[in-house]
Amino acid sequence: MGTIADNLARIRQTLPEGVTLVAVSKFHPVEMIREAYEAGQRIFGESRPQEMVAKWKVMPDDIQWHMIGHLQTNKIKYIAPFVAMIHSIDSWHLAEAIDREAAKVERTLDVLLQLHIAQEETKFGWDAVELERFLREGMLQGLSHLRIRGLMGMASLTDDTEQVSGEFRRLHETFVRFRDQFLPAMDTLSMGMSGDYPLALEQGSTLVRIGSSIFGERQY
Ligand SMILES: *Cc1c(COP(=O)(O)O)cnc(C)c1O
């Protein structure tokens with residue numbers, strides 16, 4: 001494993017034009033974020049609100065912080081004033097709560113709707129049928145402090161590349177369908193992590209969330 005700057009350069013070379021790289025810095029110290037920052041990286045992903053706030057306070061203002069982890073409603077208020085994008089809206093209850101907290105700080109937040117695409121039960125996310133119902137009824141579009149930019153999904157953790165590709169392909173199909181039917185402004189499809197992002201890119205990902213291939217293994 002090279003330096004953080006080397007890793008970033010290597011990964012950036014593999015990303016097509018127009019694909020956004022979120023450097024997932026969760027569980028890594030600010031020194032490592034600073035190294036990535038000095039190598040030009042400006043978008044970082046975190047999974048826990050308190051950790052994101054602590055890092056936001058000490059790091060430069062031009063960083064865009066993306067919340068990629070499961071979010072509890074009582075934690076939204078900590079990140080609402082500054083978060084650049086929330087990837088992990090997985091229920092109507094959470095969508096409403098984020099809308100409310102965004103209104104309080106007079107912001108309109110860029111958000112993604114997380115779909116459950118993996119076979120594992122453990123992963124979070126909306127069921128596509130249920131999400132479609134909320135879109136068909138115009139419920140999500142009615143939340144005026146959310147700007148729904150797209151969808152996010154996590155594929156199964158498996159070596160079976162056919163399965164992973166299939167999950168990404170279906171997410172892309174759902175993205176296109178929902179965009180054409182309900183949300184013409186959607187422009188972001190967040191899929192792909194260190195282990196599977198090349199497959200995600202093949203299936204039309206516009207944003208990859210990469211942690212360990214940049215920063216190494218996490219110390220939990
Ligand atoms: C941790 C995490 C990642 C990054 O995973 P790596 O395998 O380290 O690249 C991406 N997306 C989400 C939602 C995560 O929680």
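The structure displayed is predicted, hence computed values, not measured ones. Just follow the structure's listing: the first ligand is 1, and inside any ligand the first atom is 1.
Annotation: Arg218 places an N or O atom under 3.5 Å from an N or O atom of ligand 1; distance criterion only. The N/O atoms of Ser47, backbone and side chain alike, include none that comes under 3.5 Å of an N/O atom in ligand 1.
In the model, Thr3 has no side-chain atom that pairs as donor or acceptor with a side-chain atom of Glu35 under 3.5 Å. There is a side-chain donor-acceptor pair under 3.5 Å between His87 and Ser190. Checked by atom type, the side-chain pair Glu167/Ser156 shows a donor-acceptor distance below 3.5 Å. Between the side chains of Tyr197 and Thr14, at least one donor-acceptor pair of N or O atoms lies under 3.5 Å.
Regarding atom 7 (O) of ligand 1, its nearest protein heavy-atom neighbour is Ser212 OG, 3.6 Å. For atom 9 (O) of ligand 1, the closest non-hydrogen atom on the protein side is Ser194 OG, 2.5 Å. Looking from atom 12 (C) of ligand 1 to the surrounding protein, the closest heavy atom is Ile68 CD1, 3.5 Å. In terms of protein heavy-atom proximity, atom 15 (O) of ligand 1 is closest to Lys26 NZ, 2.7 Å. Counting protein heavy atoms only, atom 10 (C) of ligand 1 is closest to Met193 SD, 3.4 Å.
Of all atoms in ligand 1, numbered sequentially from 1 with element shown, those under 4.0 Å from a heavy atom of Arg209 are 4 (C), 9 (O), 10 (C), 11 (N), 12 (C), 13 (C). Of all the atoms in ligand 1, the ones that sit under 4.0 Å from a non-hydrogen atom of Ile210 are 9 (O). Numbered from 1 in the order shown, with element, the atoms of ligand 1 that lie under 4.0 Å from a heavy atom of Gly211 read 4 (C), 6 (P), 8 (O), 9 (O).
Cation-pi geometry between Arg42 and Tyr37 is met: the NZ or CZ atom falls under 6.0 Å from the ring centre, inside 45° of the normal. Under a cutoff of 6.0 Å and an axis angle of 45°, Arg170 and Phe175 do not form a cation-pi pair.
In this pair, Phe44 and Phe215 present their aromatic rings tilted. The plane angle is within the 30 to 60° band.
Of all the heavy atoms of His87, none lies under 4.0 Å from any atom of ligand 1, so neither backbone nor side chain is involved.
Partner of His66 under the side-chain contact (heavy atoms from CB on, under 4.5 Å) criterion, out of Ile86, Thr20, Val24, Ile43: Ile43 alone.
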